[in-house]
Amino acid sequence: MSLIRRSNVFDPFSLDLWDPFEGFPFGSGGSSSSLFPSFPRTSSETAAFAGARIDWKETPEAHVFKADVPGLKKEEVKVEVEDGNVLQISGERNKEQEEKTDTWHRVERSSGRFLRRFRLPENAKTEQIRASMENGVLTVTVPKEEVKKPEVKSIQISG
């Protein structure tokens, strides 16, 4: 998978993973009969889970990120800060083991890895980040520095 960082048009602080060859009819698996060379591709299962949905809201006190990660345990999810100001949320859901006697009628639940990155604003206190998980929802709270109001000093006018 070709990983290229690009800013989301609607969210200038985000960094998304993007595959420029996604959806193109290139040969996969090294088929020599293809007119085009093979490119490493992600499986459709991984691609379905790769874009884990995350909400980001800003309150007067903090930036709050909420990620839907149903079926994952907190040990299967990582929250990290890269380069001092990039929040990275990642994890992996393993594929269910198939038994020889099983007959699958439908497979819609996705499996694989996900990774999302968000560039935090300058007022984020990255050393005080908190994360919690409840009912399949990961909540990451990034406190903000208090905005200092400018000190106004009155000057006496003489004359």
Sequence neighbours excluded, every pair satisfying ring pair (Phe, Tyr, Trp, His ring centres under 6.0 Å) that has a member inside residues 58-99:
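For residues 58-99, and leaving out neighbouring residues, the ring pair (Phe, Tyr, Trp, His ring centres under 6.0 Å) pairs sorted by first residue read Trp56-His63, Trp56-Phe65, Phe65-Phe118.
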task: Sequence neighbours left out, what pairs pass ring pair (Phe, Tyr, Trp, His ring centres under 6.0 Å) with at least one residue falling in residues 129-154?
output: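 Sorted result for residues 129-154: empty, none.
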Step through the shown structure and confirm whether more than 12 heavy atoms of other residues, nucleotides or ligands are within 6.0 Å of CD on Glu127.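 Counting other residues, nucleotides and ligands, CD of Glu127 exceeds 12 neighbours.
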- prompt: Would one find more than 12 heavy atoms of other residues, nucleotides or ligands at under 6.0 Å from atom NZ of Lys125?
  reply: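 Above 12, so yes.
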Gap separating the [atom1] atom of [X] from the [atom2] atom of [Y], nearest 0.5 angstrom:
{"X": "Leu72", "Y": "Met133", "atom1": "CG", "atom2": "CE", "value": "6.0 Å"}
{"X": "Leu87", "Y": "Thr126", "atom1": "CG", "atom2": "OG1", "value": "10.0 Å"}
{"X": "Arg117", "Y": "Ile54", "atom1": "CZ", "atom2": "CD1", "value": "12.0 Å"}
{"X": "Asn123", "Y": "Glu145", "atom1": "CG", "atom2": "CD", "value": "6.5 Å"}
{"X": "Arg130", "Y": "Ser132", "atom1": "CZ", "atom2": "OG", "value": "8.5 Å"}
{"X": "Asp83", "Y": "Gln88", "atom1": "CG", "atom2": "CD", "value": "10.0 Å"}

Q.
Just to verify, what does Lys149 make a side chain to side chain contact (heavy atoms under 4.5 Å, CB included) with, not counting sequence neighbours?
A.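 Per chain and number, Lys149 pairs via side chain to side chain contact (heavy atoms under 4.5 Å, CB included) with no residue.
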Expected list for residues 135-144: side-chain donor-acceptor pairs under 3.5 angstrom, two or more places apart:
residue	atom	partner	partner atom	Å
Lys144	NZ	Glu58	OE2	2.6
Lys144	NZ	Thr59	O	3.1

(message) Tell me every residue that passes salt bridge (charged side-chain N to carboxylate O under 4.0 Å, His left out) with Glu80, counting only those two or more places apart in sequence or in another chain.
(response)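 Partners of Glu80 under the salt bridge (charged side-chain N to carboxylate O under 4.0 Å, His left out) test: none.
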pair Ile129-Val81: side-chain heavy atoms closer than 4.5 Å =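 Yes - at least one pair of side-chain heavy atoms lies under 4.5 Å apart.
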Item to complete: May I have all residue pairs that pass salt bridge (charged side-chain N to carboxylate O under 4.0 Å, His left out) and include part of residues 69-78, sequence neighbours excluded?
Response: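 Every pair satisfying salt bridge (charged side-chain N to carboxylate O under 4.0 Å, His left out) with a residue in residues 69-78: there are none.
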**OP:** Taking only Lys NZ, Arg NE, NH1 and NH2, and the carboxylate oxygens of Asp or Glu, determine whether Glu92 and Arg113 approach each other closer than 4.0 Å.
**Re:**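 Looking at Glu92 and Arg113, the cut-off is met.
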